[in-house]
Amino acid sequence: MAEPQASKDFIREIIDADLASNKYQGRVHTRFPPEPNGYLHIGHAKSICLNFGIAEQYNGKCNLRFDDTNPAKEEEEYVQSIITDVKWLGFDWQDRLFYASDYFDQMYTYAEDLVKKGKAYVDDLTADQIAELRGTLTNPGTKSPYRDRSIDENLSLFRRMKAGEFPDGSKVLRAKIDMNHPNLNMRDPVMYRILRATHHNTGDKWCIYPMYDWAHGLEDSIEHITHSICTLEFENHRPLYDWFLDALGVYHPQQIEFARLNLTFTVMSKRLLLQLVNDGLVKGWDDPRLPTISGMRRRGYSPSGIRTFAKRIGVAKVNSIVDFEFLEYCIREDLNKTAPRYMGVLRPLKVTIENYPETKEEVDAVNNPEDPGMGSRRIPFSKTLYIEQDDFMEQPPPKFYRLALGREVRLRYAYFITCRDVVKRDGKVVELRCTYDPATKGGYAPDGRKVKSTIHWVSASDAVDAEVRLYNKLFTVRDPLDQKGADYKTLLNPQSLEILQQCKVEPAVKTCKPLDRFQFERLGYFCVDTDTTPGHLVLNRTTELRDTWGKIQSAAGPKP
RNA sequence: AGCCCCGUGGUGUAGUGGCAACAUUUUGGCCUUUGGAGCCAACGUCGGCGGUUCAAAUCCGCCCGGGGCUGCCA
């Protein structure tokens with residue numbers, strides 16, 4: 001079942017220490033707080049597994065909370081997709097589904113408290129002016145001329161902001177902290193902006209919306225979160241997180257930052273993913289080439305495989321980039337144990353078995369050699385079959401063990417066959433004439449003779465046609481964002497999607513439902529795509545099997 | 001340039017004063033009715049310098065390198 005926790009990451013060490021010192025009366029309460037402005041990706045999966053995983057491990061709780069403080073970018077569609085994805089990954093927030101927008105009234109009251117304490121003020125400066133006066137990395141900022149308004153004036157102005165008396169962008173509420181602070185985030189950060197936009201949750205009730213720094217700590221505080229885990233880019237915001245909570249004198253969770261996940265050959269930012277979707281460079285958020293949860297689901301990745309991956313990559317504070325191959329390894333490992341096996345031929349080559357009768361028979365096939373409990377099935381066998389074009393070569397090189405003229409191989413679960421003749425049309429091999437040995441039924445030779453290889457096949461008259469979509473890396477380079485000057489869009493892999501028609505698969509595949517995962521023996525893991533209709537089967541290749549022959553070939557030289 | 005964070009095999013992560021470890025990758029081999037899976041083996045690492053100590057990846061100092069921060073985004 002669950003892997004033993006090999007070692008403790010720095011976050012769990014902090015939690016252990018807090019438990020030991022009774023800092024939160026033994027409670028552990030985390031949260032996963034996505035902004036509903038895009039679909040979740042594998043990087044979010046890391047965070048989800050971390051937060052929900054910690055809650056499970058410590059007998060605590062983890063909330064799902066939508067950090068919906070910017071109606072300009074957020075949509076209900078994203079809310080629904082996030083709910084679907086977190087559930088699919090296998091996590092349960094029970095009755096704790098929250099929205100930051102549910103706290104807007106409370107946040108507003110807190111803001112008035114801060115104004116009354118003289119710790120916040122209404123500023124009439126424009127956005128440009130505020131930026132100007134903020135100073136730079138090396139130069140201190142300058143106080144706004146509106147910084148020293150009286151508490152009464154600030155309170156009145158802030159109330160009028162809320163009441164909608166001022167146009168968008170004309171005023172903001174700012175915390176009064178320190179314009180000389182070396183941390184730019186502390187130079188009187190904006191708490192509220194005036195923004196007339198319809199919110200997916202609160203509609204048109206508000207025309208002022210809280211900023212992240214002001215809102216997030218309050219959300220955590222209101223929910224009595226103990227450990228507020230976020231990514232590294234918020235490290236410089238922690239002093240502000242702490243300042244707001246201290247200024248208010250309210251319950252104070254602890255913010256802890258960890259490094260976000262990066263994967264090779266892809267991009268992991270909602271902004272960039274949105275662009276790929278909007279520019280039609282991929283076919284939507286659930287395009288199987290994308291590192292989105294929905295894309296991976298559609299591609300055939302399993303939740304448990306993703307969870308194992310998240311566990312194995314660990315949690316730390318170093319910026320890093322994980323090999324895409326490692327994700328694939330975790331997925332394969334899981335699918336190897338769980339996916340039923342079928343036979344399917346992607347690029348069919350007709351085989352006629354000359355000495356086989358016109359009648360048909362069935363052979364027994366094991367559904368999963370890794371799991372006898374998955375049973376077996378019967379597969380139709382007949383005189384005319386399809387095998388993979390790659391499994392035959394006219395001029396076989398030294399390490400090629402498969403079919404060639406005069407050579408004998410095993411058809412998996414069926415018979416030994418020997419290639420007797422090659423039929424060509426326009427110089428292209430279009431059919432193999434073979435004979436079979438009736439004594440080798442099931443694939444064993446009674447005389448004990450061996451064959452060098454076993455290949456897969458499909459009975460021609462029983463085969464089901466399928467469209468198969470093969471996926472390759474989305475980008476041609478390991479780190480698309482680290483190519484100086486190059487627009488990442490020019491680095492897209494033109495071969496990231498290859499579509500094959502009239503592939504031949506064994507009839508049992510027809511019983512599969514959309515998103516069902518299985519292995520085509522010797523080829524890889526596949527799943528049924530949601531584009532499938534009753535008359536048109538569409539399959540996605542999740543990932544290939546490890547390909548030793550392919551490795552030998554590419555070592556010998558580039559493919560023809 | 002100011003502030004903050006981080007440097008352990010190709011990649012990711014352990015090790016926090018006592019023999020540098022695990023996974024993956026790569027390369028060999030074994031096994032095999034999937035050239036799959038599995039098994040065995042090999043390659044390969046503490047950013048640098050100095051200090052403390054019987055002993056340093058670990059503690060201290062300096063340096064070097066990488067990342068983040070100047071939205072009314074999160």
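Order of the sequence lines sets the chain letters (A, B, ...), proteins ahead of strands, with each chain counted from 1. Since the structure is predicted, the reported quantities are computational estimates derived from the model, not experimental observations.
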* On RNA chain B, nearest-nucleotide positions of A:Tyr525 versus A:Leu125: which is more 5'? -> A:Tyr525

* Structure fact -> 5'-most contact on RNA chain B (nearest-nucleotide basis), A:Ser453 vs A:Asp482, goes to A:Ser453

How long is the line joining [atom1] of [X] and [atom2] of [N], in whole Å?
X        : N     : atom1 : atom2 : value
A:Lys317 : B:G12 : NZ    : P     : 18 Å
A:Ile387 : B:G35 : CD1   : P     : 13 Å
A:Arg541 : B:G36 : CZ    : P     : 16 Å
A:Arg238 : B:G68 : CZ    : C1'   : 13 Å
A:Leu327 : B:A23 : CG    : P     : 19 Å
A:Glu132 : B:U70 : CD    : P     : 16 Å
A:Asp67  : B:A74 : CG    : P     : 7 Å
A:Leu263 : B:U11 : CG    : P     : 15 Å

Examine [N]: is either OP1 or OP2 under 4.0 Å from a nitrogen or oxygen in the side chain of [X]? Give yes or no.
X        : N     : value
A:Tyr212 : B:C73 : no
A:Arg134 : B:C69 : no
A:Thr69  : B:A74 : yes
A:Arg187 : B:G2  : no

So what does [X] hit on the nucleic acid, given a heavy-atom distance under 4.0 Å: a base, only sugar-phosphate, or nothing?
X        : result
A:Tyr413 : base
A:Glu13  : sugar-phosphate
A:Ile321 : sugar-phosphate
A:Thr548 : sugar-phosphate
A:Pro34  : nothing
A:Phe520 : nothing
A:Asn319 : sugar-phosphate
A:Lys551 : sugar-phosphate
A:Phe326 : sugar-phosphate
A:Phe416 : nothing
A:Glu325 : nothing
A:Ser320 : sugar-phosphate
A:Asn236 : base
A:Tyr444 : base

* Asked: Should we count CZ of A:Arg260 as having more than 12 external heavy atoms under 6.0 Å?
  -> no

* For A:Gln389, look at atom CD and say whether over 12 heavy atoms of other residues, nucleotides or ligands are found less than 6.0 Å away. => yes

Pairwise side-chain contact, [X] with [Y], heavy-atom cut-off 4.5 Å (strictly under):
X        : Y        : answer
A:Trp206 : A:Lys162 : yes
A:Tyr192 : A:Tyr108 : yes
A:Tyr241 : A:Pro253 : yes
A:Pro36  : A:Glu75  : no

* Aromatic ring centroids of A:Phe518 and A:Tyr342 under 6.0 Å? -> yes

* Would A:Phe381 and A:Trp457 count as a close aromatic pair, with their ring centres under 6.0 Å? -> yes

Applying the Watson-Crick and G-U wobble criteria at under 3.5 Å, what pairs with [N]? Answer none if nothing qualifies.
N     : result
B:U13 : B:A21
B:C72 : none
B:G35 : none
B:G61 : B:C49

Distance criterion of 3.5 Å, no angle test: do you see the side chain of [X] paired donor-to-acceptor with the base of [N]?
X        : N     : value
A:Arg546 : B:G35 : no
A:Glu257 : B:G68 : no
A:Asp323 : B:G10 : yes
A:Gln519 : B:U34 : yes

Between [M] and [N] - [atom1] atom distance, rounded Å:
N     : M     : atom1 : value
B:C43 : B:G38 : P     : 22 Å
B:G18 : B:G68 : C1'   : 37 Å
B:U16 : B:U8  : C1'   : 13 Å

Shortest side-chain distance from [X], nucleotide among [options]:
X        : options             : result
A:Leu545 : B:U34, B:C4, B:U24  : B:U34
A:Arg341 : B:G2, B:G36, B:G71  : B:G36
A:Ala316 : B:U13, B:C4, B:C73  : B:U13
A:Glu35  : B:C73, B:G2, B:C4   : B:C73
A:Val318 : B:G12, B:G35, B:C6  : B:C6
A:Glu235 : B:C4, B:A74, B:C3   : B:C4
A:Val322 : B:G35, B:C72, B:G12 : B:G12
A:Leu137 : B:G12, B:C73, B:A1  : B:A1

* Asked: Would you call A:Arg517 and A:Asp334 a salt bridge, taking side-chain N to carboxylate O under 4.0 Å as the test?
  -> no

* Does A:Arg347 pair with A:Asp390 as a salt bridge, N-O distance under 4.0 Å? -> no

* Glycosidic class, syn or anti, of B:G38 using a 90° window around 0 -> anti

